[in-house]
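A short write-up of the structure that comes next.
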Amino acid sequence: MNRAIAGSGAVVPFAVLVSGNGTNLQALLDAERSGRLGRGQVALVISDRRGAYALERARLAGKKALLIEPDQNLPKEARRRDLSDRIQAAVREAQAEFIVLAGFLSILQGSILDTYRERIINIHPSLLPKFGGPGMYGERVHQAVLAAGETVSGCTVHIVDQGTDTGPILLQRTVPVLPKDTTESLAERIHHEEHIAIVDGVLELISRLGNMDNRRAFS
Ligand code: GRF
């Protein structure tokens with residue numbers, strides 16, 4: 001990782017971690033192709049699930065795509081660490097400056113969280129801190145929002161820390177919750193906003209990393 005990315009107009013390569021369909025990954029790939037991703041460049045896509053369509057999206061875009069699966073023979077904690085360590089090695093090899101979790105269902109643990117501190121971002125389909133935390137993923141989030149009678153929901157891009165969905169918030173986008181909403185209709189409305197938010201989140205992180213480097217350079 002090149003810690004001094006500021007100033008230079010050079011590209012800023014990053015890795016995207018996925019587990020499923022990968023529409024957020026697609027938003028990043030489309031933004032890169034159309035020049036809306038600034039200096040950002042998807043260097044590597046990693047899936048922890050075999051058959052994730054996101055891997056196909058990566059290949060179709062000509063990106064390096066890896067399957068790194070959890071070792072089911074290991075107990076939970078060791079399995080998370082082992083997966084995280086193997087992901088970290090691949091990210092390092094690709095010389096990625098930061099990591100985007102775009103629908104990534106495994107929990108990262110251990111060294112990767114220190115090495116890439118403030119350099120891992122996640123997108124979550126609610127207005128955190130509401131409706132986040134362990135077990136809050138997929139349609140469960142939207143079910144909970146509807147059950148709570150919320151009138152507004154949305155999505156959050158945040159920095160990843162040791163907790164689940166707890167790190168500092170980079171940005172949020174809101175949508176109305178309509179009286180006739182189902183989990184599907186609400187999920188779809190939020191998904192649309194996610195595709196904007198994830199691109200803005202990457203741009204925001206690149207800008208912050210640049211500012212951090214500037215402060216370092218002048219202190
Ligand atoms: C998104 O709703 C994201 O917020 C959550 O997982 C979903 C991934 O969707 N973390 P996709 O695979 O990018 O379509």
Side-chain angles (χ1 to χ4, degrees), residues 14-33 36-37 40 42 44-61 63 65-70 80 83-84 87 98-108 120-146 150 152-161 163-175 177 181-202 204-205:
F14 63 95
V16 185
L17 274 50
V18 293
S19 299
N21 186 355
T23 63
N24 280 289
L25 167 67
Q26 191 66 55
L28 292 169
L29 295 169
D30 292 347
E32 183 184 329
R33 185 177 292 221
R36 282 183 294 115
L37 205 51
V42 177
L44 170 67
V45 176
I46 299 172
S47 171
D48 62 344
R49 307 276 152 115
R50 191 176 292 269
Y53 186 63
L55 280 177
E56 186 61 19
R57 293 180 190 273
R59 291 191 195 106
L60 288 170
K63 299 295 184 183
L66 295 179
L67 173 66
I68 303 183
E69 290 178 293
R80 286 182 175 172
L83 181 77
S84 300
I87 288 172
F98 62 91
I99 301 168
V100 178
L101 310 186
F104 184 66
L105 291 175
S106 293
I107 306 282
L108 294 176
I120 307 177
I121 59 174
N122 179 48
I123 184 152
H124 184 81
S126 79
L127 296 175
L128 292 174
K130 284 184 165 182
F131 308 105
M136 271 293 176
Y137 60 86
E139 65 177 23
R140 293 188 199 183
V141 177
H142 309 299
Q143 275 163 2
V145 167
L146 292 176
E150 299 285 317
V152 178
S153 190
C155 59
T156 303
V157 178
H158 68 94
I159 306 267
V160 171
D161 63 8
T164 304
D165 302 327
T166 51
I169 290 171
L170 277 187
L171 61 95
Q172 295 184 310
R173 293 183 68 87
T174 59
V175 303
V177 180
D181 262 332
T182 60
T183 52
E184 291 77 19
S185 64
L186 181 57
E188 192 182 323
R189 194 173 310 120
I190 291 174
H191 232 141
H192 180 74
E193 297 304 314
E194 287 187 47
H195 300 154
I196 302 167
I198 197 147
V199 172
D200 288 347
V202 163
E204 173 65 21
L205 182 62

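Starting from 1, each residue takes its place in the sequence as its number. None of these values were measured; they are calculated from a predicted model. Just follow the structure's listing: the first ligand is 1, and inside any ligand the first atom is 1.
Only the backbone of H124 comes within 4.0 Å of ligand 1, judged by heavy-atom distances.
Residues R57 and N21 form a side-chain contact, since some pair of their non-hydrogen atoms from C-beta on lies under 4.5 Å apart. When side chains are defined from C-beta on, L29 counts as touching V42, because their heavy atoms get closer than 4.5 Å. Counting heavy atoms from C-beta outward, H195 and N24 have side chains that approach closer than 4.5 Å. Taking the side chain as every heavy atom from C-beta outward, V177 and V145 approach each other to under 4.5 Å. Side-chain contact check for E32 versus L28: every heavy-atom pair is 4.5 Å or farther apart. With contacts defined as side-chain heavy-atom distances shorter than 4.5 Å, the pair R189/D181 qualifies.
A cation-pi arrangement is present between R140 and Y137 under the rule of less than 6.0 angstrom and at most 45 degrees off the ring axis.
Close approach of ligand 1 to P125 (heavy-atom distance below 4.0 Å) involves ligand atoms 2 (O), 4 (O). Taking every non-hydrogen atom of T23 and a distance limit under 4.0 Å, the qualifying atoms of ligand 1 come out as 11 (P), 12 (O), 13 (O), 14 (O). Remark: ligand 1 atoms within the under-4.0 Å shell around heavy atoms of H191 are 9 (O), 11 (P), 14 (O).
Here's the thing with N122: none of its N/O atoms is less than 3.5 angstrom from an N/O atom of ligand 1. For ligand 1, the polar-atom distance check finds an N/O of G22 within less than 3.5 Å of one of the ligand's N/O atoms. In terms of N/O distances under 3.5 Å, ligand 1 is not approached by A102.
Here the protein heavy atom with the shortest distance to atom 7 (C) of ligand 1 is G103 CA, 4.1 Å. Annotation: atom 10 (N) of ligand 1 to nearest protein heavy atom, I123 O, 2.9 Å. Among protein heavy atoms, the minimum distance from atom 3 (C) of ligand 1 is reached at E194 OE1, 3.0 Å.
Assignment of C155 to the shell around ligand 1 is not supported, since no heavy atom sits closer than 4.0 Å.
A donor-acceptor pair under 3.5 Å is formed between the side chain of S126 and the backbone N or O of F131.
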